[in-house]
Amino acid sequence: MTAQDIPREYVEGCARILAEVSASGRRLTREELGSRRQLGEQAAEDGHGLRALVSAHLAAARAVWPTAPGAADGALAALHQIIDAFTDGYERAQRHAVRQEEAARREFIDDLLYGRSDLGRLAERAERFGLRLSHAHAVAVARGTTTYDEGDEVPRQVERALIARFGDRSILLTTKDGRMLCIAPGNQDEVLVYFAKQAHAATEGGQVAIGRAQPGPGGVVHSYEEALNALELAERLELEDPVLRAVDLLVYPVLARDRQAMADLVLSSLGPLTAARGGAEPLLGTLAAYFDSGCVAAEAARRLSLSVRALTYRLKRIHELTGADPTDPAHRYMLQTAVIGARLLGWPANDI
């Protein structure tokens, strides 16, 4: 929109004020400044561009610009006051609109991720933010060494990278409880993978979990919960992978579902390790490293900063105490499951 397209109501009174000020040399009154601010607010609410509005004021000023010597200085000062008050009102209205938009966005995200709103109404609101909840969606959640809000530089950096790569693909980036979230259509896994890569780099080594694609209006909250659970499992199991997929961790909730049975397995299989010098923790860590390295003694020893001979001695000691040989495939599954259970239950630090 050009200055010529701006309705005259937004510059109403500008020429009159300039003519009076140039003739008398007075400053604008409080009422005159207030009227300029109100017009600026109204122009912003009506969606007019500030550049065209300022041009319209300058055009109105040219029509009545004084020719008397010295009068131009007063008129210029008055024009400065007029435009300053007008833009102040305009920016005030914009800040108010931004706050309203942020509040609406935050309310929508809260309802979306907690499933607290009517699903039909939620789906209608989602279209305003580029989501079609009738389709399947997946959620990736990133956490770093600190917490993040939407206006922080790290989330903005990740958002710029995604927009530059994918443009507008019905992607929603936000933050929740100090973590970064990316919500994308379920058939666009490449978006979430790229988000994970960018978030891991931007958070200087943060961890990202990706939930499975879930259908329907409630699919976002289900995928979000899966991603959160994956991060929680990673913390309890001391998994250090930069990117975790909920689908790869489904076995762990199954194992933890019957807590009493898992506790019995841990105590019966690994309980004798508490009789070792230094307690169960060092030998439990040895088993974890051995299984995590694919039962390769040299790799496990490297991870534990031990010699292969020292690692072999520890495995032998575990065999002596528990009666189960970690190197024997017949015993390995039971011991590995018990080690996973110990991590999930926080044993031996916690009584079970």
Side-chain angles (χ1 to χ4, degrees), residues 142-145 196-197 200-201 203-210 229-352:
R143 65 179 175 194
T145 56
K197 178 181 178 181
H200 177 69
T203 57
E204 299 181 351
Q207 200 168 37
V208 185
I210 301 176
N229 290 336
L231 287 176
E232 181 184 356
L233 279 172
E235 186 173 358
R236 291 161 64 183
L237 296 173
E238 300 179 359
L239 301 178
E240 298 180 352
D241 306 55
V243 181
L244 306 162
R245 288 188 175 273
V247 68
D248 297 331
L249 303 176
L250 291 177
V251 66
Y252 297 110
V254 172
L255 293 175
R257 193 161 295 159
D258 191 336
R259 180 184 175 87
Q260 187 56 54
M262 181 59 73
D264 289 343
L265 174 64
V266 170
L267 292 177
S268 62
S269 302
L270 304 177
L273 297 181
T274 57
R277 182 183 301 176
E281 194 67 52
L283 295 181
L284 184 63
T286 300
L287 282 174
Y290 182 66
F291 293 134
D292 289 346
S293 63
C295 299
V296 178
E299 174 60 20
R302 187 190 65 80
R303 294 187 182 191
L304 294 170
S305 300
L306 297 174
S307 66
V308 175
R309 181 177 180 181
L311 177 78
T312 303
Y313 171 78
R314 287 192 181 187
L315 295 177
K316 181 179 179 181
R317 183 63 176 148
I318 291 168
H319 187 188
E320 292 172 351
L321 289 169
T322 64
D325 184 1
T327 64
D328 186 343
H331 299 162
R332 189 177 299 158
Y333 177 75
M334 180 268 295
L335 282 174
Q336 187 167 8
T337 304
V339 168
I340 293 171
R343 285 171 161 178
L344 291 172
L345 299 177
W347 185 86
N350 300 319
D351 293 333
I352 58 176

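Bear in mind that the values here come from a model prediction, so they are computed numbers and not experimental data. In what follows, residues are counted from 1 in the order of the sequence shown.
Atom CD of residue E232 and atom CG of residue L244 lie 12.5 Å apart, to the nearest 0.5 angstrom. The CG atom of D241 sits 9.0 Å away from the CG atom of D248 when rounded to the nearest 0.5 Å. Rounding to the nearest 0.5 Å gives a distance of 11.5 Å between CZ of R343 and CG of L233. Here CG of L287 is found 11.5 Å from CD1 of I340. Values are rounded to the nearest 0.5 Å. Here OG of S293 is found 8.0 Å from CG of L311. Values are rounded to the nearest 0.5 Å. The CD1 atom of I318 lies 6.0 Å from the CG atom of L273; values are rounded to the nearest 0.5 Å.
What you find for A297 and V308 is that their closest heavy atoms are CB-CG1, 4.4 Å. Residues A246 and A230 come closest through the heavy atom pair CA-CB, 4.5 Å. In terms of heavy-atom proximity, L267 sits nearest to P272 at O-CD, 3.9 Å. Across every non-hydrogen atom of A234 and R143, the tightest pair is CB-NH2, 4.2 Å. Of all non-hydrogen atoms in T327 and D325, the two that sit nearest each other are OG1-OD1, 2.8 Å. Heavy-atom minimum distance, F291 versus R332: CE2-CG, 3.4 Å.
Just one of L304, L335, L315 meets the side chain to side chain contact (heavy atoms under 4.5 Å, CB included) condition when paired with Y290; it is L315. Of the options R317, R303, R314, a side-chain hydrogen bond (donor to acceptor under 3.5 Å, both in side chains) to T286 is made by R314 and by none of the others.
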For the pair W347 and L284, evaluate side chain to side chain contact (heavy atoms under 4.5 Å, CB included) and give the outcome as yes or no after the intermediate values. CA-CA 10 Å; W347 185 86; L284 184 63; 4.3 Å; yes
Test L344 against L237 for side chain to side chain contact (heavy atoms under 4.5 Å, CB included), laying out the working first. CA-CA 6 Å; L344 291 172; L237 296 173; 3.9 Å; yes
Applying side chain to side chain contact (heavy atoms under 4.5 Å, CB included) to E299 and D292, what does each step give before you reach the verdict? CA-CA 9 Å; E299 174 60 20; D292 289 346; over 6 Å; no
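Between the side chain of S269 and the backbone N or O of V266 there is no donor-acceptor pair closer than 3.5 Å. A donor-acceptor contact shorter than 3.5 Å is absent between the side chain of Q207 and the backbone of E235.
Counting non-hydrogen atoms of neighbouring residues, nucleotides and ligands closer than 6.0 angstrom, the CG atom of D351 reaches no more than 12 such neighbours.
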